[in-house]
Amino acid sequence: MKVLIIGGTGLLGSQAARELIGRGHTVTGLALPPAMGDTPPEMTLQFGSYLDMTDDAMLALLSGCEGLVFAAGVDERVEGPPPIYDFFKKYNITPLERILRLAKQAGVKRAVICGSYFSYFDKYWPELALQTWHPYIQSRRDQEMMALSFADDNFAVSILELPYIFGAQPGRKPVWVFLVEYVRNMKPVTVYPKGGTTMVTVQQVGQAIAGALEKGRGGTCYPIGYYNMTWRDMLTIFHKHIGTPRKKIITIPTVVFALFSRRLFKQQQKKGIQGGLNLQKFPALQTRNQFIDKALACEPLGVTPDDIDAAIGQSVKLALAVLDGNTETVGMKGE
(Lines give C-alpha, C1' and ligand atoms only; values in the text may rest on other atoms or scores of the structure.)
Protein backbone atom coordinates (compact mmCIF):
# COMPACT_ATOMS: atom_id res chain seq x y z
CA MET A 1 0.00 0.00 0.00
CA LYS A 2 1.25 3.48 -0.85
CA VAL A 3 0.65 5.78 2.13
CA LEU A 4 0.90 9.54 2.66
CA ILE A 5 1.59 10.64 6.24
CA ILE A 6 0.87 14.27 7.05
CA GLY A 7 3.19 15.08 9.92
CA GLY A 8 5.63 12.45 8.74
CA THR A 9 8.64 13.68 10.72
CA GLY A 10 6.84 14.09 14.05
CA LEU A 11 6.98 11.67 16.95
CA LEU A 12 3.89 9.75 15.84
CA GLY A 13 4.29 10.16 12.09
CA SER A 14 7.87 8.93 11.98
CA GLN A 15 7.01 5.91 14.13
CA ALA A 16 4.01 5.11 11.93
CA ALA A 17 6.27 5.35 8.88
CA ARG A 18 8.77 2.98 10.46
CA GLU A 19 6.03 0.46 11.29
CA LEU A 20 4.39 0.68 7.87
CA ILE A 21 7.68 0.34 6.01
CA GLY A 22 8.51 -2.68 8.14
CA ARG A 23 5.24 -4.23 6.96
CA GLY A 24 6.13 -3.67 3.33
CA HIS A 25 4.22 -0.47 2.60
CA THR A 26 5.59 2.53 0.69
CA VAL A 27 5.48 5.80 2.64
CA THR A 28 5.72 9.48 1.73
CA GLY A 29 5.82 12.01 4.55
CA LEU A 30 4.65 15.62 4.35
CA ALA A 31 6.14 17.81 7.06
CA LEU A 32 7.61 21.16 7.94
CA PRO A 33 11.40 21.38 8.07
CA PRO A 34 13.72 20.56 9.69
CA ALA A 35 13.79 16.81 9.26
CA MET A 36 14.39 14.84 12.46
CA GLY A 37 17.43 12.60 12.48
CA ASP A 38 15.56 9.39 13.25
CA THR A 39 13.07 9.38 10.39
CA PRO A 40 13.31 6.11 8.44
CA PRO A 41 15.53 6.56 5.38
CA GLU A 42 13.09 4.56 3.24
CA MET A 43 10.42 7.25 3.66
CA THR A 44 10.21 9.83 0.89
CA LEU A 45 10.03 13.31 2.45
CA GLN A 46 8.13 16.27 1.02
CA PHE A 47 8.55 19.53 2.93
CA GLY A 48 5.60 21.90 3.05
CA SER A 49 2.63 23.04 5.10
CA TYR A 50 -0.69 21.23 4.88
CA LEU A 51 -2.25 24.59 5.69
CA ASP A 52 -0.77 26.44 2.73
CA MET A 53 -0.51 23.76 0.05
CA THR A 54 -2.81 24.26 -2.92
CA ASP A 55 -5.44 21.70 -3.83
CA ASP A 56 -3.48 20.75 -6.94
CA ALA A 57 -0.28 20.22 -4.95
CA MET A 58 -2.10 18.11 -2.38
CA LEU A 59 -3.80 16.07 -5.09
CA ALA A 60 -0.40 15.42 -6.65
CA LEU A 61 0.84 14.04 -3.32
CA LEU A 62 -2.27 11.91 -2.89
CA SER A 63 -2.18 10.56 -6.42
CA GLY A 64 -1.71 6.80 -6.40
CA CYS A 65 -2.04 6.56 -2.61
CA GLU A 66 -4.34 4.00 -1.08
CA GLY A 67 -3.75 5.15 2.50
CA LEU A 68 -3.63 8.48 4.34
CA VAL A 69 -2.47 9.22 7.90
CA PHE A 70 -3.10 12.58 9.57
CA ALA A 71 -0.56 12.82 12.40
CA ALA A 72 -0.37 16.60 12.56
CA GLY A 73 -2.22 19.37 14.35
CA VAL A 74 -1.99 20.77 17.89
CA ASP A 75 -2.89 19.51 21.34
CA GLU A 76 -4.56 20.86 24.46
CA ARG A 77 -1.48 22.62 25.88
CA VAL A 78 -1.96 25.65 23.64
CA GLU A 79 -3.05 28.91 25.26
CA GLY A 80 -4.03 32.04 23.38
CA PRO A 81 -6.56 34.83 22.90
CA PRO A 82 -10.17 33.68 23.18
CA PRO A 83 -11.90 32.00 21.57
CA ILE A 84 -9.08 29.43 21.57
CA TYR A 85 -11.42 27.01 19.78
CA ASP A 86 -10.68 28.94 16.58
CA PHE A 87 -7.00 28.04 16.91
CA PHE A 88 -7.78 24.33 17.21
CA LYS A 89 -10.21 24.56 14.30
CA LYS A 90 -7.50 26.18 12.16
CA TYR A 91 -5.03 23.33 12.66
CA ASN A 92 -7.14 20.27 13.45
CA ILE A 93 -10.46 20.60 11.63
CA THR A 94 -10.56 22.96 8.63
CA PRO A 95 -7.46 21.63 6.83
CA LEU A 96 -8.35 18.02 7.58
CA GLU A 97 -11.77 18.49 6.02
CA ARG A 98 -10.10 19.71 2.82
CA ILE A 99 -7.55 16.90 2.89
CA LEU A 100 -10.21 14.21 3.29
CA ARG A 101 -12.24 15.71 0.45
CA LEU A 102 -9.19 15.69 -1.81
CA ALA A 103 -8.26 12.18 -0.67
CA LYS A 104 -11.63 10.83 -1.78
CA GLN A 105 -11.25 12.69 -5.05
CA ALA A 106 -7.83 11.10 -5.55
CA GLY A 107 -9.18 7.61 -4.89
CA VAL A 108 -7.63 7.03 -1.47
CA LYS A 109 -9.32 4.06 0.20
CA ARG A 110 -8.24 4.30 3.84
CA ALA A 111 -7.55 7.15 6.26
CA VAL A 112 -6.34 7.17 9.87
CA ILE A 113 -6.56 10.30 12.01
CA CYS A 114 -4.66 10.77 15.26
CA GLY A 115 -7.17 12.21 17.71
CA SER A 116 -7.53 12.40 21.50
CA TYR A 117 -8.81 10.10 24.23
CA PHE A 118 -10.68 13.09 25.63
CA SER A 119 -13.22 12.42 22.87
CA TYR A 120 -13.74 8.92 24.21
CA PHE A 121 -14.28 10.15 27.76
CA ASP A 122 -16.68 12.84 26.57
CA LYS A 123 -18.84 10.00 25.26
CA TYR A 124 -18.12 7.67 28.19
CA TRP A 125 -18.90 10.25 30.89
CA PRO A 126 -21.66 12.43 29.40
CA GLU A 127 -22.48 13.79 32.85
CA LEU A 128 -19.21 15.77 32.79
CA ALA A 129 -20.27 17.66 29.61
CA LEU A 130 -16.60 17.82 28.63
CA GLN A 131 -17.08 19.30 25.16
CA THR A 132 -19.32 22.00 26.64
CA TRP A 133 -16.64 23.25 29.02
CA HIS A 134 -13.36 22.50 27.24
CA PRO A 135 -12.65 24.09 23.82
CA TYR A 136 -10.02 21.52 22.96
CA ILE A 137 -12.34 18.60 23.66
CA GLN A 138 -15.09 20.29 21.67
CA SER A 139 -12.68 20.66 18.75
CA ARG A 140 -11.73 16.99 18.90
CA ARG A 141 -15.37 15.88 18.96
CA ASP A 142 -16.11 18.19 16.04
CA GLN A 143 -13.08 16.79 14.23
CA GLU A 144 -14.41 13.27 14.70
CA MET A 145 -17.89 14.11 13.44
CA MET A 146 -16.48 15.88 10.42
CA ALA A 147 -14.05 13.08 9.57
CA LEU A 148 -16.59 10.31 10.00
CA SER A 149 -18.95 12.10 7.62
CA PHE A 150 -16.55 11.18 4.79
CA ALA A 151 -16.65 7.45 5.53
CA ASP A 152 -18.49 5.13 3.15
CA ASP A 153 -18.09 1.71 1.60
CA ASN A 154 -15.21 2.95 -0.54
CA PHE A 155 -13.43 5.12 2.04
CA ALA A 156 -12.62 3.70 5.47
CA VAL A 157 -12.00 6.42 8.06
CA SER A 158 -10.48 5.41 11.40
CA ILE A 159 -9.91 7.78 14.31
CA LEU A 160 -7.43 6.82 17.00
CA GLU A 161 -8.45 8.37 20.33
CA LEU A 162 -4.91 8.56 21.69
CA PRO A 163 -3.97 8.84 25.39
CA TYR A 164 -0.72 9.76 27.13
CA ILE A 165 2.14 8.67 24.88
CA PHE A 166 5.65 7.94 26.13
CA GLY A 167 8.85 7.67 24.15
CA ALA A 168 11.32 10.18 22.79
CA GLN A 169 12.38 11.53 19.45
CA PRO A 170 15.79 13.23 19.30
CA GLY A 171 15.37 16.90 18.39
CA ARG A 172 11.65 16.97 19.23
CA LYS A 173 10.59 18.65 22.50
CA PRO A 174 8.67 16.11 24.58
CA VAL A 175 5.25 17.08 25.93
CA TRP A 176 6.45 16.00 29.37
CA VAL A 177 8.80 18.93 30.01
CA PHE A 178 6.16 20.75 32.08
CA LEU A 179 5.49 17.76 34.35
CA VAL A 180 9.16 16.86 34.79
CA GLU A 181 9.88 20.47 35.74
CA TYR A 182 6.96 20.50 38.20
CA VAL A 183 8.02 17.25 39.85
CA ARG A 184 11.70 18.14 40.04
CA ASN A 185 11.09 21.60 41.50
CA MET A 186 8.55 20.49 44.09
CA LYS A 187 10.47 19.75 47.28
CA PRO A 188 10.65 17.88 49.58
CA VAL A 189 7.60 15.91 48.37
CA THR A 190 5.48 15.71 45.22
CA VAL A 191 1.82 16.60 45.67
CA TYR A 192 -0.74 15.46 43.11
CA PRO A 193 -4.47 14.72 43.03
CA LYS A 194 -6.10 11.32 42.98
CA GLY A 195 -7.02 9.66 39.69
CA GLY A 196 -5.01 8.16 36.90
CA THR A 197 -4.68 7.65 33.17
CA THR A 198 -4.23 5.12 30.43
CA MET A 199 -1.09 5.28 28.32
CA VAL A 200 0.86 3.73 25.47
CA THR A 201 4.38 3.84 24.09
CA VAL A 202 5.11 5.57 20.82
CA GLN A 203 5.92 2.18 19.30
CA GLN A 204 2.44 1.01 20.20
CA VAL A 205 0.95 4.08 18.51
CA GLY A 206 2.82 3.12 15.35
CA GLN A 207 1.29 -0.35 15.55
CA ALA A 208 -2.18 1.10 16.14
CA ILE A 209 -1.87 3.40 13.12
CA ALA A 210 -0.68 0.58 10.87
CA GLY A 211 -3.36 -1.77 12.22
CA ALA A 212 -6.13 0.77 11.64
CA LEU A 213 -4.83 1.48 8.16
CA GLU A 214 -4.79 -2.20 7.27
CA LYS A 215 -7.95 -3.32 9.10
CA GLY A 216 -10.13 -0.23 9.46
CA ARG A 217 -13.62 -0.42 7.97
CA GLY A 218 -16.22 2.30 7.42
CA GLY A 219 -16.11 4.99 10.07
CA THR A 220 -14.73 3.86 13.43
CA CYS A 221 -13.35 5.55 16.54
CA TYR A 222 -10.79 3.42 18.37
CA PRO A 223 -10.19 4.26 22.06
CA ILE A 224 -6.49 3.56 22.50
CA GLY A 225 -5.12 2.52 25.88
CA TYR A 226 -2.83 -0.29 26.97
CA TYR A 227 -1.36 0.44 30.40
CA ASN A 228 -3.57 1.91 33.14
CA MET A 229 -1.86 3.65 36.07
CA THR A 230 -2.87 5.87 38.92
CA TRP A 231 -1.07 9.21 39.01
CA ARG A 232 0.85 7.92 42.04
CA ASP A 233 2.12 4.89 40.12
CA MET A 234 3.09 7.00 37.12
CA LEU A 235 4.87 9.59 39.24
CA THR A 236 6.77 6.85 41.05
CA ILE A 237 8.30 5.92 37.69
CA PHE A 238 8.97 9.60 36.98
CA HIS A 239 10.79 9.92 40.30
CA LYS A 240 12.97 6.93 39.48
CA HIS A 241 14.10 8.36 36.15
CA ILE A 242 14.54 11.89 37.52
CA GLY A 243 16.88 10.40 40.09
CA THR A 244 14.76 10.80 43.23
CA PRO A 245 13.33 7.30 43.72
CA ARG A 246 12.66 7.76 47.45
CA LYS A 247 10.76 11.04 47.13
CA LYS A 248 7.33 10.83 48.73
CA ILE A 249 4.10 11.43 46.84
CA ILE A 250 1.20 12.99 48.72
CA THR A 251 -2.30 12.73 47.25
CA ILE A 252 -4.05 16.02 47.90
CA PRO A 253 -7.83 16.34 48.37
CA THR A 254 -9.80 17.17 45.24
CA VAL A 255 -11.01 20.43 46.82
CA VAL A 256 -7.40 21.59 47.25
CA PHE A 257 -6.57 20.70 43.65
CA ALA A 258 -9.71 22.57 42.53
CA LEU A 259 -8.58 25.72 44.39
CA PHE A 260 -5.18 25.53 42.69
CA SER A 261 -6.75 25.04 39.26
CA ARG A 262 -9.14 27.94 39.83
CA ARG A 263 -6.22 30.21 40.68
CA LEU A 264 -4.49 29.29 37.42
CA PHE A 265 -7.75 29.94 35.56
CA LYS A 266 -7.97 33.44 37.03
CA GLN A 267 -4.36 34.10 36.04
CA GLN A 268 -5.23 33.19 32.46
CA GLN A 269 -8.16 35.59 32.54
CA LYS A 270 -5.98 38.43 33.81
CA LYS A 271 -3.57 37.81 30.94
CA GLY A 272 -6.44 37.75 28.44
CA ILE A 273 -5.74 34.18 27.35
CA GLN A 274 -7.75 30.98 27.22
CA GLY A 275 -6.58 27.39 27.47
CA GLY A 276 -7.76 24.35 25.60
CA LEU A 277 -8.93 22.89 28.90
CA ASN A 278 -11.07 24.96 31.25
CA LEU A 279 -9.10 24.81 34.49
CA GLN A 280 -12.19 25.53 36.59
CA LYS A 281 -13.80 22.34 35.29
CA PHE A 282 -10.65 20.29 34.77
CA PRO A 283 -10.44 18.75 38.30
CA ALA A 284 -13.63 16.77 37.68
CA LEU A 285 -11.81 14.95 34.86
CA GLN A 286 -8.26 14.88 36.21
CA THR A 287 -9.25 13.21 39.48
CA ARG A 288 -10.99 10.29 37.75
CA ASN A 289 -9.33 7.09 36.58
CA GLN A 290 -9.14 7.76 32.85
CA PHE A 291 -8.58 4.09 32.06
CA ILE A 292 -9.20 2.23 28.79
CA ASP A 293 -9.25 -1.54 28.39
CA LYS A 294 -6.73 -2.66 25.75
CA ALA A 295 -9.31 -5.17 24.52
CA LEU A 296 -11.45 -2.34 23.15
CA ALA A 297 -9.06 -1.35 20.36
CA CYS A 298 -5.40 -2.10 20.96
CA GLU A 299 -5.72 -5.85 20.79
CA PRO A 300 -8.03 -5.87 17.71
CA LEU A 301 -5.57 -3.55 15.94
CA GLY A 302 -2.61 -5.80 16.72
CA VAL A 303 -0.89 -3.66 19.36
CA THR A 304 1.59 -5.76 21.35
CA PRO A 305 3.10 -5.30 24.83
CA ASP A 306 6.02 -2.91 25.22
CA ASP A 307 8.26 -1.62 28.01
CA ILE A 308 6.27 1.33 29.37
CA ASP A 309 8.81 1.96 32.15
CA ALA A 310 11.60 2.38 29.61
CA ALA A 311 9.42 4.60 27.41
CA ILE A 312 8.61 6.86 30.35
CA GLY A 313 12.32 6.97 31.10
CA GLN A 314 13.09 8.11 27.55
CA SER A 315 10.55 10.93 27.84
CA VAL A 316 11.81 12.02 31.27
CA LYS A 317 15.48 11.99 30.31
CA LEU A 318 14.91 14.04 27.16
CA ALA A 319 12.79 16.49 29.17
CA LEU A 320 15.61 16.83 31.70
CA ALA A 321 18.08 17.52 28.89
CA VAL A 322 15.78 20.26 27.56
CA LEU A 323 15.36 21.83 31.01
CA ASP A 324 19.11 21.76 31.65
CA GLY A 325 19.93 23.26 28.25
CA ASN A 326 21.82 20.18 27.13
CA THR A 327 19.94 19.69 23.87
CA GLU A 328 18.11 21.75 21.25
CA THR A 329 14.64 20.71 20.26
CA VAL A 330 11.75 21.79 18.09
CA GLY A 331 8.47 22.47 19.90
CA MET A 332 4.89 22.35 18.71
CA LYS A 333 2.88 25.17 17.16
CA GLY A 334 1.86 27.76 19.72
CA GLU A 335 4.86 27.22 22.03
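Given the structure is predicted, the values throughout are model-derived calculations rather than measurements. Excluded from the calculations below are hydrogen atoms, water molecules and symmetry mates; all remaining heavy atoms, backbone and side chain alike, are included.
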For this session: Check salt bridge (Lys or Arg N to Asp or Glu O under 4.0 Å) between Arg262 and all other residues, then give those that pass, not counting sequence neighbours.
Result: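 Here no residue qualifies.
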For this session: For salt bridge (Lys or Arg N to Asp or Glu O under 4.0 Å), just list the numbers for Glu299 and Lys215, CA-CA rounded to whole Å, side-chain angles, deciding distance to a tenth of an Å, and then say yes or no.
Result: CA-CA 12 Å; Glu299 289 179 345; Lys215 302 175 183 180; over 6 Å; no
For this session: Tell me whether the centres of the aromatic rings in Trp231 and Phe257 are closer together than 6.0 Å.
Result: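 That pair fails the under 6.0 Å test.
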For this session: Decide if the gap between the ring center of Phe265 and the ring center of Phe282 is smaller than 6.0 angstrom.
Result: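 Centroid distance Phe265-Phe282: not below 6.0 Å, so no.
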Could you tell me the separation between the [atom1] atom of [X] and the [atom2] atom of [Y], rounded to the nearest 0.5 Å?
X	Y	atom1	atom2	answer
Leu45	Thr9	CG	OG1	7.0 Å
Met234	Tyr227	CE	OH	16.0 Å
Glu181	Ile242	CD	CD1	11.0 Å
Phe291	Met229	CZ	CE	9.5 Å

Exercise. Taking everything shown except Lys2 itself, do over 12 heavy atoms lie less than 6.0 Å from its NZ?
Worked result: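 Atom NZ in Lys2 is crowded, with more than 12 foreign heavy atoms closer than 6.0 Å.
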Problem set entry | Lys240 atom NZ, neighbour heavy-atom count above 12 within 6.0 Å |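 More than 12 heavy atoms, drawn from other residues, nucleotides or ligands, come within 6.0 Å of this atom.
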Would a hydrophobic clustering, with Ile, Leu, Val, Met, Phe, Trp and Tyr connected at side-chain separations under 4.5 Å, put [X] with [Y]?
X	Y	result
Met199	Val180	yes
Phe118	Leu130	yes
Leu235	Tyr182	yes
Ile6	Leu11	yes
Leu51	Leu30	yes

Under-4.0 Å salt bridge between [X] and [Y]:
X	Y	value
Arg141	Glu161	no
Lys123	Glu144	yes
Asp324	Arg184	yes
Lys90	Glu97	no

What heavy-atom pair brings [X] and [Y] nearest, and what distance separates the two atoms?
X	Y	result
Gly216	Tyr222	CA-OH, 3.8 Å
Ser315	Ala168	N-CB, 4.4 Å
Ala297	Pro300	O-CD, 3.2 Å
Ser261	Leu279	CB-O, 3.1 Å
Thr54	Arg98	C-NH1, 3.6 Å
Phe166	Ile308	CD1-CD1, 4.1 Å

Give the table of side-chain donor-acceptor pairs shorter than 3.5 Å for residues 145-154, with sequence neighbours excluded, one pair per line with atom names and distance.
from   : atom 1 : to     : atom 2 : distance (Å)
Ser149 : OG     : Met146 : O      : 2.5
Asp152 : OD1    : Asn154 : N      : 2.8
Asp152 : OD1    : Phe155 : N      : 2.8
Asp152 : OD2    : Lys104 : NZ     : 2.6

Exercise. Just one of Leu102, Val112, Leu213, Ile99 clears the side-chain contact (heavy atoms from CB on, under 4.5 Å) bar with Leu68, so which one?
Worked result: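 Going through Leu102, Val112, Leu213, Ile99 one by one, the side-chain contact (heavy atoms from CB on, under 4.5 Å) with Leu68 is satisfied by Ile99 alone.
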Problem set entry | Contact list for residues 10-33, test side chain to side chain donor-acceptor pair (under 3.5 Å), sequence neighbours left out |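 Sorted pair list: Ser14-Gln169, Gln15-Arg18, Glu19-Arg23, Arg23-Glu214, His25-Glu214.
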Do [X] and [Y] get their side chains close enough for a donor-acceptor pair, meaning under 3.5 Å?
X	Y	answer
Gln207	Thr304	yes
Ser139	Asp142	no
Lys247	Thr190	yes

Exercise. Hey, what's the ring geometry for Phe121 with Tyr124, parallel, tilted or perpendicular (30° and 60° as the breaks)?
Worked result: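 The arrangement is perpendicular - the two ring planes meet at more than 60°.
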For this session: I would like to know whether Val205 and Ile224 meet side-chain contact (heavy atoms from CB on, under 4.5 Å); could you show each step before the answer?
Result: CA-CA 8 Å; Val205 175; Ile224 302 298; 5.7 Å; no
For this session: Start with the C-alpha distance between Gln105 and Leu59, add both sets of side-chain angles, then the distance that settles side-chain contact (heavy atoms from CB on, under 4.5 Å), and finish with yes or no.
Result: CA-CA 8 Å; Gln105 182 179 334; Leu59 281 169; 3.6 Å; yes
Exercise. Among Thr197, Asp122, Thr198, which one satisfies side-chain hydrogen bond (donor to acceptor under 3.5 Å, both in side chains) with Tyr117?
Worked result: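 Exactly one candidate clears the test, Thr197.
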